[in-house]
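Scroll down for the structure; my scribbles are underneath it.
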Amino acid sequence: MADRSKVGMEFPAYTITVEKNKIAEFAVAVALKEEKEGINPIYYDEASAKKAGYQGITVPPTFMTSFLFWTGEGLLGIVKALGIDLNRLLHSEEEYEYYGNIYAGDTITRKMKVVEMYERGKRERLGRFVDVTILETEVINQRGELVAKVRSTMMER
């Protein structure tokens with residue numbers, strides 16, 4: 001069961017440089033999952049990205065979800081710090097607010113905190129309560145600009 005005293009807890013800031021091969025890998029994975037035939041070249045070709053009006057190779061809309069996994073101990077460390085049982089965890093939802101673009105070569109700092117933890121009502125199918133944890137992540141570029149916010153919802157059954 002998640003430790004509700006962790007609401008307000010901030011995780012250490014984590015900084016990464018966004019590599020163009022990571023952008024392309026993510027775009028391929030999403031395309032394969034969605035059974036798309038092609039990958040938009042703005043995710044791997046500089047000229048195509050600039051032709052489309054971007055400053056360079058840009059990230060796909062849901063790319064920031066991967067920031068959960070590229071941090072120190074990764075998602076396992078986050079789950080452990082919150083007292084969540086990994087065997088009972090479901091990463092259920094992501095919400096994004098965009099304020100700017102992220103490009104290959106940008107240095108991004110992720111600032112994550114626990115904003116909510118609560119118990120969800122009894123589910124008939126499960127026959128028990130579900131604990132919900134919501135993390136909010138600010139994504140800041142090398143110029144100190146907030147480029148996005150991500151809200152990640154995890155459920156522990």
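Keep in mind that what you see is a predicted model, and the values were worked out from it rather than measured. Along the sequence shown, residues are numbered consecutively beginning with 1.
Criterion: ILVMFWY side-chain heavy atoms under 4.5 Å apart, direct or through other members. Under it, Y44 and V28 are part of a common hydrophobic cluster. Y96 and Y99 fall into different hydrophobic clusters, where Ile, Leu, Val, Met, Phe, Trp and Tyr side chains are chained together by heavy-atom contacts under 4.5 Å. Connection of V114 to L76 is established within a shared hydrophobic cluster, with ILVMFWY side chains joined at heavy-atom distances below 4.5 Å, either directly or through further cluster members. In the hydrophobic cluster analysis, where Ile, Leu, Val, Met, Phe, Trp and Tyr join through side-chain heavy atoms closer than 4.5 angstrom, I140 is grouped apart from V59.
Side-chain atoms of E156 do not come within 3.5 Å of backbone N or O of I84 as any donor-acceptor pair.
The OH atom of Y14 lies 12.0 Å from the CE atom of M112; values are rounded to the nearest 0.5 Å. Note: I57 CD1 to I102 CD1 = 14.5 Å, rounded to the nearest 0.5 Å. Put simply, CZ on F11 and OG1 on T137 are 9.0 Å apart, with the number rounded to the nearest 0.5 Å. Atom NZ of K149 is separated from atom CD of E136 by 5.0 Å, given to the nearest 0.5 angstrom. Atom CZ of residue R88 and atom CE of residue M154 lie 15.0 Å apart, to the nearest 0.5 angstrom. In this structure, the separation between CG on L135 and CE on M117 is 8.5 Å, given to the nearest 0.5 Å.
When side chains are defined from C-beta on, L82 counts as touching M9, because their heavy atoms get closer than 4.5 Å. Between I108 and N141 the shortest side-chain heavy-atom distance falls below 4.5 Å.
Residues passing the side chain to side chain contact (heavy atoms under 4.5 Å, CB included) test with Y54 are I42, A49, A52, T58, N101, Y103, sequence neighbours excluded. Taking T62 as the reference, nothing meets the side-chain hydrogen bond (donor to acceptor under 3.5 Å, both in side chains) condition, with sequence neighbours excluded. Checked against side-chain hydrogen bond (donor to acceptor under 3.5 Å, both in side chains), S92 has no partners two or more places apart in sequence or in another chain. Listed by chain and number, the residues in a salt bridge (charged side-chain N to carboxylate O under 4.0 Å, His left out) with E25 are K22 (sequence neighbours excluded). Residues passing the side-chain hydrogen bond (donor to acceptor under 3.5 Å, both in side chains) test with Y98: none are found, sequence neighbours excluded. Contacts of E116 classified as side chain to side chain contact (heavy atoms under 4.5 Å, CB included), with partners at least two apart in sequence or in another chain: Y118, I134, R151.
Across all non-hydrogen atoms, the minimal contact from E46 to G56 is OE2-CA, 3.4 Å. For P61 against Y43, the heavy-atom pair with the smallest separation is CD-OH, 3.7 Å. Nearest heavy-atom pair, A148 versus M64, reported as atom, atom and distance to 0.1 Å: CB-SD, 3.2 Å. Considering all non-hydrogen atoms of both residues, I39 and A27 come closest at CG2-CB, 3.7 Å.
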